[in-house]
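Scroll down for the structure; my scribbles are underneath it.
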2 protein chains.
Amino acid sequence: MAGRPREFDRDEALAKARDLFWTRGYEGVSMADLVNAMGIASARIYAAFESKEALFQEAVMLYASGEGGFATRALAEEPNVLDAFERLLRDAILLYTRPNHPRGCMIVMAATNYTINSQAVRERLGRYRRDRAASLNERLRKASETGELKPDANPRALAEFYAAFLHGLSVQAADGVPRDILLSTLSPALLPLKSAMSANADNL
Amino acid sequence: MAGRPREFDRDEALAKARDLFWTRGYEGVSMADLVNAMGIASARIYAAFESKEALFQEAVMLYASGEGGFATRALAEEPNVLDAFERLLRDAILLYTRPNHPRGCMIVMAATNYTINSQAVRERLGRYRRDRAASLNERLRKASETGELKPDANPRALAEFYAAFLHGLSVQAADGVPRDILLSTLSPALLPLKSAMSANADNL
DNA sequence: CACATTATTTGTTGATCGACAAAGAAATGG
DNA sequence: CCATTTCTTTGTCGATCAACAAATAATGTG
């Protein structure tokens, strides 16, 4: 084992690659992008990481064992279930919205591949999703005004909660979760709204 | 206004394109793929739809005004908030898991772009997400066994509910929803678990 | 019929994709 | 010092990308 030592920091380069994949996904990142971000020629990348796919795989593992491991940690370290889930969700939100970092979960986001030249498409889709969330919000706001909801209910939080759940359903479905399983989530999912509603006659 | 009449059915071709975009996203579908699926040469596609991006845009609109409009319809047609949201979520699940159709929401999925040659990457990411859902499931199952949860609680449904919500948080964050808004969803989100827990001493 | 108009077919464009081969440069061990 | 080893640079490979130009074919209208 002799030979010339490597001139660049492998871990540092890997972290750069991870952030790039995090924001633009696997296919959304080209070798040229990696060369730019990592600051080393493509042949060096191949020498150090074997292939683009292996590099991606390693970047995912870096994420999963680092910031992405919040779920594992919360579930393992909190003895109380409720504490565990509260911490898990809170940590998720804090990670997904960390300033000056890629937003969202890398494992979920790495499936959303966007090159720079399709940014317009990406943004339009985001607007669509935001519009849908807004319509949920509008309906709940109205329900709050008309007294369908309790006075202390938080319609905006409810709306954002249901928007998130709705979008998550899509991810779950795409991952192959069967219909009846997803249907069984309806009952817990509707609880927050139910408990925010006034105890008027129109409840079953 | 004379000229040779078009030989293919524009609406039919558009629907084919929609399904393709639905499953593989914008960049995940190449012009060659479109040529294959729509059965017409690329120059004809450009003549009829102007560009790939315009075609995609039209396909999204077709989706949004058709099956994708379930949310708008539920919110508009159901006078009771709870009925509206129950129908909305149920319709979403039914659509996202329709047999012999692309799974998931087109607007969410169209952001997940995958060419055929990166299928391995896509599947591995899906496995990661499924693993995370499984760990939630495991924790709740254990909580059910140890009596942390009520005997009639449905741990599996709860787990899938939280997995969906967690993944949805990522989509919301990526779409730019601010941190404090997402944090405000924690309180409604934890309600289903809270109400599934036994009224033992270890609660707050 | 002729002519204008539109559709279709065929072929190509320049750019970019991931992936590497070959050769030179630099550091180590003997 | 020399030989070996590893890294690094440069250039290029065939494939594929989105997009269109040019030519041909088929329809309508006057």
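In the text below, chain A, chain B and the rest are named by the order of the sequence lines, each starting its count at 1.
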**Message:** So, does B/R44 get its side chain near the phosphate of C/dA7, meaning an N or O under 4.0 Å from OP1 or OP2?
**Reply:** no
**Prompt:** Rounding to a whole Å, what distance do you find between B/E7:CD and D/dA26:P?
**Reply:** 8 Å
**Message:** Quick check on C/dC17: is either OP1 or OP2 less than 4.0 Å from any side-chain nitrogen or oxygen of A/S30?
**Reply:** yes
**Request:** Measure from CG on A/L55 to P on C/dG18 and round the result to the nearest Å.
**Result:** 11 Å
**Residue whose nearest DNA chain C nucleotide is more 5′ - B/A41 or B/P5** = B/P5
**Prompt:** Does the ring of A/F8 carry A/R6 above it, NZ/CZ under 6.0 angstrom from centre and within 45° of its axis?
**Reply:** yes
**Centroid separation B/F165 to A/F165 less than 6.0 Å** = no
**Message:** Rounding to an integer number of Å, can you tell me how far A/F8 CZ sits from C/dA25 C1'?
**Reply:** 16 Å
**Request:** Mind telling me whether A/Y63 and A/W22 have parallel, tilted or perpendicular rings, with 30° and 60° as the class edges?
**Result:** perpendicular
**Asked** Please give, in whole Å, the distance from D/dC17 P to B/R24 CZ?
**Response** 10 Å
**Of B/A43 and B/K52, the one whose closest DNA chain D nucleotide lies more 5'** = B/K52
**Request:** Would you indicate what B/R6 reaches in the nucleic acid, counting non-hydrogen atoms under 4.0 angstrom: base, sugar-phosphate, or nothing?
**Result:** sugar-phosphate
**Prompt:** Roughly how many Å is it from CZ in A/R10 to C1' in D/dT8, rounded to a whole number?
**Reply:** 16 Å
**Request:** Would you please confirm or rule out a distance under 4.0 Å between OP1 or OP2 of D/dC20 and any side-chain N or O of B/Y46?
**Result:** no
**Request:** Count the heavy atoms of every other residue, nucleotide or ligand shown that sit under 6.0 Å from CG of A/N100, and state whether that count exceeds 12.
**Result:** no
**Asked** Charged N to carboxylate O below 4.0 Å: is that the case for B/K142 and B/E145?
**Response** no
**Prompt:** How many Å lie between CD on B/E27 and P on C/dG18, as a whole number?
**Reply:** 11 Å
**Rounded interatomic separation in angstrom, taking CE from B/M31 and P from C/dT12** = 19 Å
**Item:** Interatomic distance, B/E53 CD vs D/dA19 P [rounded to whole Å]
**Value:** 8 Å
**Complete:** Among the nucleotides C/dG18, D/dA18, D/dG11, whichever has the atom closest to the side chain of A/S42 is D/dG11
